[in-house]
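Notes follow the structure.
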Number of protein chains: 2
Amino acid sequence: MSLTLIERPASDSVIIDNLRKRGYKATSQRIAICRLVLSSREHPTAQSIYRDVKRLHPTVSLATVYKTLQVLNEMRLIQQLPLPLSETRFDSNVDPHLNAVCLQCRGVTDVKDQTLSKVVSRAASKTKFKVTGQRFDLYGVCDKCARRSGITA
Amino acid sequence: MSLTLIERPASDSVIIDNLRKRGYKATSQRIAICRLVLSSREHPTAQSIYRDVKRLHPTVSLATVYKTLQVLNEMRLIQQLPLPLSETRFDSNVDPHLNAVCLQCRGVTDVKDQTLSKVVSRAASKTKFKVTGQRFDLYGVCDKCARRSGITA
DNA sequence: GTGCTTGCAAAGCGTTTGCAACGGA
DNA sequence: TCCGTTGCAAACGCTTTGCAAGCAC
């Protein structure tokens, strides 16, 4: 047995157990979609997940992708990130962290910050707000794009 | 002359100056929309702004509202807040703060937190990300709704 | 076998766009 | 006058929904 901490447990058996535990059927489409989303760090869109799932399930529909993402959202295993970029991104990191959103390449990168959980609990107690989720976004230009623009310009 | 700090300067002359300074024409529709959005603390939607502007300008169109909101966004006087609630909210507070989003009544309340600007600058220097904007959201249930549910349930 | 899930198509809905008429500067 | 802006309608694109067939349990 391994003692290594798996940061994002997305093995099929864990996924299947979680689905059944909540009364959802573990269909092969669902498992494939869950595996993709839960193991991704790219903050994928519904379309990009659809594209990837089709490799394994060529007949899968976009509607099934959306429905499965809703299920994962209800299970609190992912979070929706509607952005001012038309398409919603999905984040399998549901703990307090920063999303650095590059408005040039549209990339989204997680940034850890230990103080954010304190910010959440402080605000919750101050305002008596029952917090069930949170998102912290930074908008701007990532280093890679800044360098590229600098060279090009 | 007044020495009082106006928290949200939204007087017509300031709005007109700002528009002209950036090369935009100061039409009466635009001024009315700007005044409404910039003075609101309710995080209004395009529809709610449209409804309010129609009182002064019964013939105004929703398209004009959207176009003006884009102008204000470009001028960095407001911020778009796409939420997982179908409609985008608009926030005239562009400084780092928390938006407490009640998933029950759909209300959005600003919460001040002095440490957020430090969080932003720390993340920016750590990741070399050029920050041009930010948003920090809490999702859950506000105190008012929690009490109401408690009594009802 | 039962009832949830799938896949297809169509609908829904917030937002954007094209364009002729209008009106600030 | 000139060119940006308005208002209308249509288009757009992401997301959701209805429904018959399929499949998990």
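Protein chains get the first letters and strands the later ones, always in sequence-line order, with residue 1 at the start of each. What you see is a predicted model, and the numbers here were worked out from it, not measured in a lab.
Ranking D/dC25, C/dT6, D/dC14 by closeness to the A/Ser86 side chain, first place goes to D/dC14. Side-chain proximity of A/Ala26 to the nucleotides D/dC25, C/dG7, D/dG4 is greatest for D/dC25.
Atom CG of B/Leu62 and atom C1' of C/dT17 are 13 Å apart (whole Å). Computed from coordinates, the B/Arg30 CZ to D/dG7 C1' distance equals 14 Å when rounded to whole Å. Atom CG in B/Leu19 sits roughly 13 Å away from atom C1' in D/dG4 (whole-Å rounding). Atoms CD1 (B/Ile16) and P (C/dG24) sit 12 Å apart, rounded to a whole Å.
In this structure, A/Asp110 and A/Leu98 have side chains that are not in contact, with every pair of non-hydrogen atoms separated by 4.5 Å or more.
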Test side-chain contact (heavy atoms from CB on, under 4.5 Å) on B/Lys126 and A/Val111 and set out the steps.
CA-CA 9 Å; B/Lys126 189 169 79 175; A/Val111 182; 4.0 Å; yes
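Distance NE2/B/His43 to CD/B/Glu87: 15.0 Å, rounded to 0.5 Å.
Note on A/Thr27: a side-chain N or O is less than 4.0 Å away from OP1 or OP2 of C/dT6. Using a 4.0 Å cut-off, some side-chain N or O of B/Gln70 falls inside it from OP1 or OP2 of C/dT16. Residue B/Gln80 places no side-chain N or O under 4.0 Å from the OP1 or OP2 atom of C/dT15.
Not a single donor-acceptor pair, N or O on each side, falls under 3.5 Å between the base of D/dG4 and the side chain of B/Lys67.
When heavy atoms are screened at a 4.0 angstrom cut-off, A/Gln47 is found touching no nucleic acid atom at all. The residue A/Thr88 sits close only to the backbone: its heavy atoms come under 4.0 Å of sugar-phosphate atoms, none of a base.
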